[in-house]
Amino acid sequence: MATTTPSRGRRRAPSRMTRAAGKAAALQKPRVILALLLLLALTSVMLLDGYLRAEVGGDERVRSNASSSKVPDEVLDGGPILSFRGGEAQSQSVPEKTIALTFDDGPNPTWTPQILKILEANDVPGTFFVVGSMVSRYPSIVKDLVNQGNEIGIHTFTHVDLSYQSDDRIAREMDQTQLALAGAAGITTTLFRAPYSSEADAIDNYSWPVYKKLGEEGYTSVFVDTDSDDWKRPGVSKIIKWATPSKSKGASVLFHDAGGERSQTVKALGTYIKKMKAKGYTFTTISGAIRQGNGQDAQSGQNSQQPGSEQGEQSEQAGGQAPGGQQDQQGQQPRQNGQLGQSGEAGGVNSLQAAHRTATGTTLYEGKALVAAVAVAEWTVPGLAVGLAVVGVAVMGRFGMMLILARRHYRQRNKRRFSWGPTVTQPVSVIVPAYNEKECIANTLESLAKSTHPIEIIVVDDGSTDNTSEIARDAARSFGMTNVRVIRQENAGKPAALNNGVRSASYDIVVMMDGDTVFEPDAVHQLVQPFADPEVGAVAGNAKVGNRNTIIGAWQHIEYVMGFNLDRRMYDLLRCMPTIPGAIGAFRRDAVLEVGGMSEDTLAEDTDITIAMHRGGWRVVYQEHARAWTEAPASLKQLWSQRYRWSYGTMQALWKHRKSLTDKGPSGRFGRVGMPLVVIFQIITPVFAPLIDVFTAYSMIFIDFKAALLAWLAVLGIQLVCAAYAFRLDREKYRYLLMMPLQQLAYRQMMYLVLIHSCITALTGGRLRWQKLKRTGEVGTPAGVS
């Protein structure tokens, strides 16, 4: 056994490694936080979108037929307009021959604009009781509605029955809608209509405290006298009939501009307006009806059907108070988060919109922020959905292609008559780079001592500080191995250690393995047989997880079996193998030297050299029967560190060899076929894949629980089929597949964060060193782990 030692007087490797590791750790923390923040932002956007679309809280009454014993008779028998001027309940009716058209549940991008056109064409105003979530989604419609001279009231944020909600929920529903109005049209409002309300005599003991509380805050609650029941879609004629007040009575008439298909409402509205005008009715807003009933602003009442007229004078607000219980002598705006703001009426808004107040201060800016956030969600979520659909199709296509090609590969390589050529019997050099491998190096050498193929072993100690080289020498002596050389070098990294081994190799074929890996006895013999084909320049072996008896180990075992037995078979047949694993791979020594050896340009030297071999015109194949057992990371921290290096190194290697896209002939095959596949399936789809789980949760909560669950289970079923087939090809035990559902829920999310972390590092120009994982040495001889 020959040994070399580093010259004295040189800087010690450990201190340099320690300083570099500390510096790298300091740089990585912000990137990890940024990756987590990105995932949090995407999740928040989806939750916001779901909150807006699904009306969280339940869009239905939870009680009915409740007693009204606590409601004053004058309220039950009063008109449809309820205010609390001076703290006392006051009901008011719409004056005779007057109609206040009201519309609930909007805005809607299809129906509201059509209704606005009809109102404008007939010179008639309307009062729209809007749902805050819809306002935040369609702010431009609300702005048009206000600019046209219509009036706006609150219909809660999520169309929830406030009668059975907490005070905090009630405040949140009102404040969020006010913010949405502020962001959309720069206003707030004093009008309110509760979802599921009808005439005033329907107020019960549960809803009365809500109306009273909101009235004390300055809101005017609006009910209906006449209901068109257009939501039932009974036909145009019935809608008109049901919306017509009896005799000459005035009425607050209810229509809907959202909440379903409203084509009948649109058709009926114009005819209805003309019919009522012919009977001598005038049209006004709720505020206009209040003023007329109070006998104030008579001129405004006479012109109430002219929403475009400008009135310069101040009007008393509906109900006489602004939200918050304060008199509206100074035009105070509704309360937001317990604060009262001062403002006059909105500029350019006529006196029919007396319920409107100009949004100022924090209310205005918070409203704009809400609308902006919703706009982001409105674009982001559908965009992600389309992206995920594309990714889903690609992933399913990949699974199908893997199954087909893996089956073809297995049948082709396992035929009795299949042969690479004459049996390769010449000795080969096995290179073992090692840095602080005291726990594993003896097991590694013991497995090589049982090799059925003639080998020389070159252990390259890369500046270890734990007596790795001494342990290697002692192990070689104890196993009676005379074919072992231990070479010591100053710490320079794994690529330098491998290059040192290649230069020191005695034979034309070199096998590379990790210092924590053990080979099966015939692994080397199986691994080198493809070199009988002169076109083959490198061979990938079958690396298997030895410490698979933990959850993390089982997850990685599933990943390794699927990756090697499906991915590598597919890549082999397509002749674009992207990576020869560092745990077990073989090369023609001359080919390695020809492409410049193991490069230190990337952290994935195995991917780098593999692509370089392709570009050098060599064929790279997969040998399934050459098995090696490796110790996978035993903790999430170590797993993160390893996969971070792998994913970042892969990106470096792809970028380094980007010109392979334009290479001609066989050397460009990887660029034309392999690089697109690696980019799509090792970078793009892993980024999007975890979002499938997030979208599944989103769909379960906000859309259709059963359908979303079935879809997720269907995808999981396809993955299980692929994994089971891979396990069958590799003769593995199926019991590990029981861990696959949990793997999809937890492991995939971690891999997503690792990949995002790598992308951020690449974009910010970060650098990493060759990282050493902590080993336990629990993977012994192959017989002990089978």
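The shown structure was predicted, so the numbers you read here are calculated from the model rather than taken from an experiment.
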Between the side chains of [X] and [Y], does any donor sit under 3.5 Å from an acceptor?
X: Ser599; Y: Lys656; answer: yes
X: Thr607; Y: Thr579; answer: yes
X: Asp461; Y: Gln489; answer: no
X: Glu624; Y: Asn542; answer: no
X: Asp522; Y: His625; answer: no

Given side chains that start at C-beta, do those of [X] and [Y] come closer than 4.5 Å, heavy atoms only?
X: Leu677; Y: Val679; result: no
X: His525; Y: Gln529; result: yes
X: Arg643; Y: Gln556; result: yes
X: Met512; Y: Ile580; result: no
X: Asn549; Y: Tyr736; result: yes
X: Ile558; Y: Met739; result: yes
X: Glu605; Y: Asn499; result: no
X: Leu403; Y: Cys722; result: yes

Ring centers of Tyr571, His409 separated by less than 6.0 Å: no
Verdict with reasoning, Glu520 to Lys544, per salt bridge (charged side-chain N to carboxylate O under 4.0 Å, His left out): CA-CA 11 Å; Glu520 292 188 354; Lys544 306 178 74 60; over 6 Å; no
Can you tell me how far [atom2] of [Y] sits from [atom1] of [X], rounded to the nearest 0.5 angstrom?
X: Phe587; Y: Leu498; atom1: CZ; atom2: CG; answer: 8.5 Å
X: Asn443; Y: Trp629; atom1: CG; atom2: CH2; answer: 14.0 Å
X: Ile458; Y: Ile431; atom1: CD1; atom2: CD1; answer: 5.5 Å
X: Leu709; Y: Leu716; atom1: CG; atom2: CG; answer: 10.5 Å
X: Asn467; Y: Asp474; atom1: CG; atom2: CG; answer: 9.5 Å
X: Met651; Y: Tyr648; atom1: CE; atom2: OH; answer: 9.5 Å

Just by distance, do the side chain of [X] and the backbone of [Y] share a donor-acceptor pair under 3.5 Å?
X: Thr630; Y: Val545; answer: no
X: Asp608; Y: Ala653; answer: no
X: Thr468; Y: Ser464; answer: no
X: Ser447; Y: Phe519; answer: yes
X: Glu559; Y: Trp555; answer: no
X: Thr517; Y: Met513; answer: no
X: Ser451; Y: Leu448; answer: no
X: Arg645; Y: Leu603; answer: yes

How close do [X] and [Y] get, counting heavy atoms only, and between which atoms?
X: Ala724; Y: Leu737; result: CA-CD1, 3.8 Å
X: Val459; Y: Ala472; result: CG1-CB, 4.5 Å
X: Lys494; Y: Gly582; result: NZ-CA, 4.3 Å
X: Leu573; Y: Leu405; result: CD1-O, 3.3 Å
X: Gly541; Y: Pro581; result: O-CG, 3.9 Å
X: Ala543; Y: Ile584; result: N-CG2, 4.0 Å

Verdict with reasoning, Glu437 to Thr444, per side chain to side chain contact (heavy atoms under 4.5 Å, CB included): CA-CA 10 Å; Glu437 298 285 2; Thr444 298; over 6 Å; no
Parallel, tilted or perpendicular: ring planes of His614 versus Phe670, cut at 30 and 60 degrees: parallel
Partner of Val539 under side-chain contact (heavy atoms from CB on, under 4.5 Å), chosen from Val511, Val621, Ile509: Val621
Derivation and outcome, ring pair (Phe, Tyr, Trp, His ring centres under 6.0 Å), residues His557 and Phe727: CA-CA 10 Å; His557 173 50; Phe727 271 57; 5.3 Å; yes
NZ/NE/NH1/NH2 to OD/OE distance under 4.0 Å, Asp567 and Arg398: yes
Test: Glu732 and Arg548 ion pair at under 4.0 Å: yes
Stepwise side chain to side chain contact (heavy atoms under 4.5 Å, CB included) check, Arg568 with Gln623: CA-CA 9 Å; Arg568 293 197 189 283; Gln623 176 60 293; over 6 Å; no
Val510/Val428 under side chain to side chain contact (heavy atoms under 4.5 Å, CB included): CA gap, chis, key distance, verdict: CA-CA 6 Å; Val510 293; Val428 299; over 6 Å; no
Arg658 atom CZ: more than 12 heavy-atom contacts under 6.0 Å: yes
Asp572 and Arg619: CA distance, side-chain angles, deciding distance, side chain to side chain contact (heavy atoms under 4.5 Å, CB included) verdict: CA-CA 9 Å; Asp572 188 347; Arg619 183 181 174 189; 4.3 Å; yes
